[in-house]
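Report on the structure given below.
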Amino acid sequence: MRSIVLIAVILFHGFSISQEQTIIENISIVSPHLSGPMHNATVVITSGKITSIMSPDQVYKHQPNKQPQTLQRNIIDGEGLYLVPGIMDSHVHVSSIPGMGFGVEPVAQKHQELAEAYYQQQPASFLYHGVTQVLDPNPGLNWSRFTETSAHPDFFRCEVVASKNTFPLVEKNDELSKTMFTYLVDEQAGKNTENSPESIVQRIASSGATCIKLYFEDGYGNESYWPLLSDSTLKRIRTAATKYDLLVLAHANAVDMYEKAIEYDVDVIAHGLWNWNEFAKENDVPPQMATILDALREKSIGYMPTQRVIAGLGELMLENSHKATEFKKVTPKPLLEWYSQPEAHWFKDDMRQGFDGLPDEVIARIFLTGRINKGEKVMQMLNRKEHPILLGSDFPGSPSFANQPGLTTFLEMKAMANAGISLSDILEASTINNARQFKLQEHYGTVEEGKVANLLLLNQNPLETIDAWNDINQVILHGDVFERDSFAADKTGINGISINEE
Ligand SMILES: [Zn+2]
């Protein structure tokens, strides 16, 4: 049985109302709105929402003898468990298959059955790791594969606005790759013409998107060879986005691109600041960069460290990175087996070419120590100044197979811990900060009455160890309760029951 939610009949003011109700008793609540765990609480979930939270003395008061007891309830004994909000990863790409790319690359075209197996498992893998909300800033062509599955995290998306002459279009040389981009702006077009910035933004708003993604990328690393959208186009997009209540996300990871993105008042910068350009030799954030980061703070622009992008590139260059045991829980077996084939190592070859034949271990170190370290320095500085950090992994970040769904989100949280971010700040980054930044705090981000019942029951206290986030007992999605292992790719521990059987 995949869900242990029972139908309960509640007699209320003389009317008979049929409702699904789950009651979690004796639970310790850990939520960013509380200063510490609330022990021995009772949480009532009705029709997918948290309808009541009671501390032990309130429970006593709220159980008068005369209450009609025809109620059938699904009761969970939360003794020894911790109830936390479900995780939100606000930077994932659900069309992109680790090791293959966005589904438009030749390997994905050739191995459609592997792509299919991946798309079927992916939402479950996020849920296996407690990720109950995702935001995809570049959803590509296959995002509906994600939302079509029977159980999936709540899905939010941005749509990319670019022109034929700017990144990422400028880098694509086959027609199939170009089809990924639906909203191509004509920078010369007058306000009311078809592909003007204003018309494009309006179309994106009516498609149901939450945000727009703009690329501030003039070349990888320190290079500068691609044009950006013009100043006037960027201003027109910003104005139109505000009008239609869309947030603007910026791809930027270099100092000069950060400066630009901040100048155009974007709402979130969706990558850590790893490329220090002329400051690359510095060990600490230099004053010039600190000034730029102060501007980011003053404008309340969201910061996503996305450390796993860098780690995913570095780990790819290590031998046998695809044989990590954690992958078995989140990656379909046939895809795991494919990673051992020479054909699956095409992106590794691309990387080698980019580094002029340096040994793999040296390339790995450039990422795993050098750039990771720079990202950590910036994260630490912002955290010291109490700027809220957002959990966004940019999964899978590249065609690297070192990043796998759900697991990468957990590893991104671990990367924050490695950078010295406190466990309570990591709790906030993974829940309420994302909810606030994306204007979803009415529904998500805390364990409070009125919010969507996307919750996790953990075996350990996440304010004591980061590993608590990988020690999940049950996942609650819109009030439905699932055993963690029911989402595993290998389904061990639940006698082979598939979540798709119902
Ligand atoms: Zn991304």
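Both ligands and their constituent atoms are indexed starting at 1 by order of listing. All values derive from a computational prediction rather than experimental measurement.
Nearest heavy atom pair, residue Pro123 against residue His152, reads CB-CB, 3.6 Å.
His93 and Asn138 are not linked by any side-chain donor-acceptor pair at a separation below 3.5 angstrom, with hydrogens and angles left out of the test.
Partners of Lys299 by salt bridge (charged side-chain N to carboxylate O under 4.0 Å, His left out), not counting sequence neighbours, listed by chain and number: Asp265.
Between His322 and Tyr339, the ring planes lie perpendicular to each other; the angle is over 60°, past the 30° to 60° tilted range. Between Tyr215 and His251, the ring planes lie tilted relative to each other; the angle falls in the 30° to 60° range. The aromatic rings of Phe410 and His129 sit parallel, their planes meeting at an angle under 30°, below the 60° perpendicular limit.
Among protein atoms, those of element N, O or S found less than 2.8 Å away from the Zn ion (ligand 1) are His91 NE2, His93 NE2, Asp394 OD1.
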